[in-house]
2 protein chains.
Amino acid sequence: MSDTSGPRAHSNAPSSRGIATAQRIERSAVALVLEHGFDSTTVDMICADVGVSQRTFFNHFATKDAAVIGTAVPRLDESLVRAFIASTGPDLLADAAGLIAFPSTDGAADPELMRQRMRAVTSSAVLMQRQLERFASIEAELADVIEYRLARVSSADESADDVREQSRLTAHLLAGVMRYTAEALMTESPASLPDLLAQTRERLIRLLPKLGGRAN
Amino acid sequence: MSDTSGPRAHSNAPSSRGIATAQRIERSAVALVLEHGFDSTTVDMICADVGVSQRTFFNHFATKDAAVIGTAVPRLDESLVRAFIASTGPDLLADAAGLIAFPSTDGAADPELMRQRMRAVTSSAVLMQRQLERFASIEAELADVIEYRLARVSSADESADDVREQSRLTAHLLAGVMRYTAEALMTESPASLPDLLAQTRERLIRLLPKLGGRAN
DNA sequence: AGAAATACATGCAGTGACTGCAGACTGGCT
DNA sequence: AGCCAGTCTGCAGTCACTGCATGTATTTCT
């Protein structure tokens, strides 16, 4: 940042070559959010820090939070999906919870940035919220995958429509599991994500028989 | 609206006496949103329609959507809660789904306004989203209620903490059920809310044995 | 090489939600 | 009459975000 005024900067002179502008913005956004919190970090601050105009910022990111969270669209992990479909374990929902590992976003991106980003996102309820909203984009996909397993354990007197709706419902239940985990992630931050997921899964397995079916 | 300038208007002359400003704003907001959609309805439009300043608008409502959704905080229905706690049916989650009927907000408010509001909210994904976010405020309460039933069907080797966490998890699952229902509400709008809820409940009962426990 | 297309960056003016502040009118109370 | 409290107001400001017209560097075509 330092001096942003004058025509000087315009020549994104040396730096711009090596690292793409978008990446520099991302890094700066994550760092500033970690330092000041999401609400207290203005787009102008990020722009000043990076040395670009606000217009440029919005040419790269549609919203302020996109710069912090990243732009990659979450996808289901192929191999996990295959395993899930193939498996015939008794704990469908718990198995499905394994699909959310969480969905890899950037894959090959800088792991250090990923770690910082994770901290930044979990530090702000707003950001966590937005993050979860993004995951909604795989919900339909998730429902499709679930449908395979569900069809197998459904009786013949249930129509395909029934099964499809049940799959969608299950996907929403799974979203609930995600939210629960995300909440835990923000409070009991000490635990690592994989640990938390495993813990949630166990909890779910013990819980499910109590919720419906013939238990009780 | 017509002319908002000058000192003239100041006398929200006749109308202001009968109906409180906040109510007039609510009505106008709902009506305008139904007509133009949420995004295309600006706060200024509402203000002009009602004949108040923007500052007044925000003195009554913290946000634009609050004017449409209403300000009442959702609460669990006492009698439903008692019934739920007392019951020992096998379908805990499905029973809990009955608690969300949906939580009454305004109770005594104008039923016609309530109906319009419902239409307005279900017409916009943004508003539905906000509405659901509000329900999050009863989630803790919900978890407490669920804990009673859950404690009853839990084995002795599960700690109180376990049960509490399972209750919170269940509350989140229930939130998933709500979201599923809300989604259905926005698309298959024909069905009435009570019908939809009953339908979801049935679906849930048939679904649960397939998800975990000993089924399959 | 030179022209033209392309991609990225910029300033600028504008919209729309929302806030803080200070002033003004109202109705009721003493 | 004088005062308090509640309500309403304009105004100026912040912040996210958009459209547009322009500029410049790099690539690609000829």
Side-chain angles (χ1 to χ4, degrees), chain A residues 3-26 28-29 32-33 36-69 71 124 126-127 129-130 133, chain B residues 1-26 28-29 32-33 36-69 71 124 126-127 129-130 133:
Chain A
D3 107 82
T4 313
S5 59
R8 70 110 210 53
H10 103 281
S11 74
N12 31 31
S15 43
S16 88
R17 193 62 89 299
I19 312 168
T21 308
Q23 275 181 50
R24 286 189 295 139
I25 293 176
E26 273 188 16
S28 168
L32 288 175
V33 165
H36 305 114
F38 183 69
D39 287 342
S40 302
T41 305
T42 71
V43 171
D44 277 338
M45 285 166 69
I46 302 171
C47 291
D49 188 39
V50 178
V52 295
S53 74
Q54 210 192 55
R55 200 65 196 76
T56 297
F57 180 99
F58 285 109
N59 280 342
H60 287 279
F61 303 94
T63 59
K64 183 169 75 152
D65 40 86
V68 184
I69 300 179
T71 50
S124 153
V126 196
L127 284 177
Q129 175 78 24
R130 302 289 166 83
E133 277 168 31
Chain B
M1 57 87 110
S2 48
D3 104 83
T4 313
S5 59
R8 71 100 217 52
H10 100 284
S11 74
N12 29 29
S15 42
S16 90
R17 194 63 89 302
I19 312 168
T21 309
Q23 276 181 49
R24 287 189 295 139
I25 293 177
E26 273 187 16
S28 169
L32 288 175
V33 165
H36 305 113
F38 183 69
D39 287 342
S40 302
T41 304
T42 71
V43 171
D44 277 337
M45 285 166 70
I46 302 171
C47 291
D49 188 41
V50 179
V52 295
S53 75
Q54 210 192 56
R55 202 64 197 78
T56 298
F57 179 99
F58 285 109
N59 281 341
H60 287 279
F61 301 95
T63 58
K64 183 170 76 153
D65 40 86
V68 184
I69 299 178
T71 50
S124 152
V126 196
L127 285 176
Q129 174 79 24
R130 302 289 167 85
E133 277 168 31

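Note on naming: letters A, B, ... go to the chains in the order of the sequence lines (proteins, then strands), and numbering restarts at 1 for each one.
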Open item on the list: What is the distance, to the nearest angstrom, from the CD1 atom on B:Ile25 to the C1' atom on C:dA17?
Closed with: 15 Å
- [ ] Find the distance between CD (A:Gln54) and CG (A:Asn59) and round it off to the nearest 0.5 Å.
- [x] 11.0 Å
Task: Rounded distance [0.5 Å steps], OG1 in A:Thr42 versus CG in A:Leu32 - done: 9.0 Å
TODO: List the protein contact pattern of nucleotides 11-19 of chain D with one symbol per nucleotide (5' to 3'): B for base contact, S for sugar-phosphate-only contact, - for none; contact means a heavy-atom distance under 4.0 Å.
DONE: B---SSBBB
- [ ] Working to the nearest 0.5 Å, report the span between OG of A:Ser28 and CD of A:Glu26.
- [x] 11.0 Å
Open item on the list: Just verifying a value: how many Å separate A:His60 NE2 and A:Thr21 OG1, rounded to the nearest 0.5 Å?
Closed with: 4.5 Å
Task: side-chain contact (heavy atoms from CB on, under 4.5 Å) partners for A:Ser124, two or more places apart - done: A:Phe38, A:Val126, A:Leu127
Task: OP1 or OP2 of D:dT9 under 4.0 Å from side-chain N/O of B:Ser53 - done: yes
Task: Length of the line joining B:Ile46:CD1 and C:dG16:C1', which is rounded to integer Å - done: 12 Å
- [ ] Measure the spacing between CZ of B:Phe61 and CD1 of B:Ile25 and express it to the nearest 0.5 Å.
- [x] 5.5 Å
Open item on the list: Check the phosphate of C:dA9 against A:His60, side-chain N and O only, distance under 4.0 Å to OP1 or OP2. Yes or no?
Closed with: yes
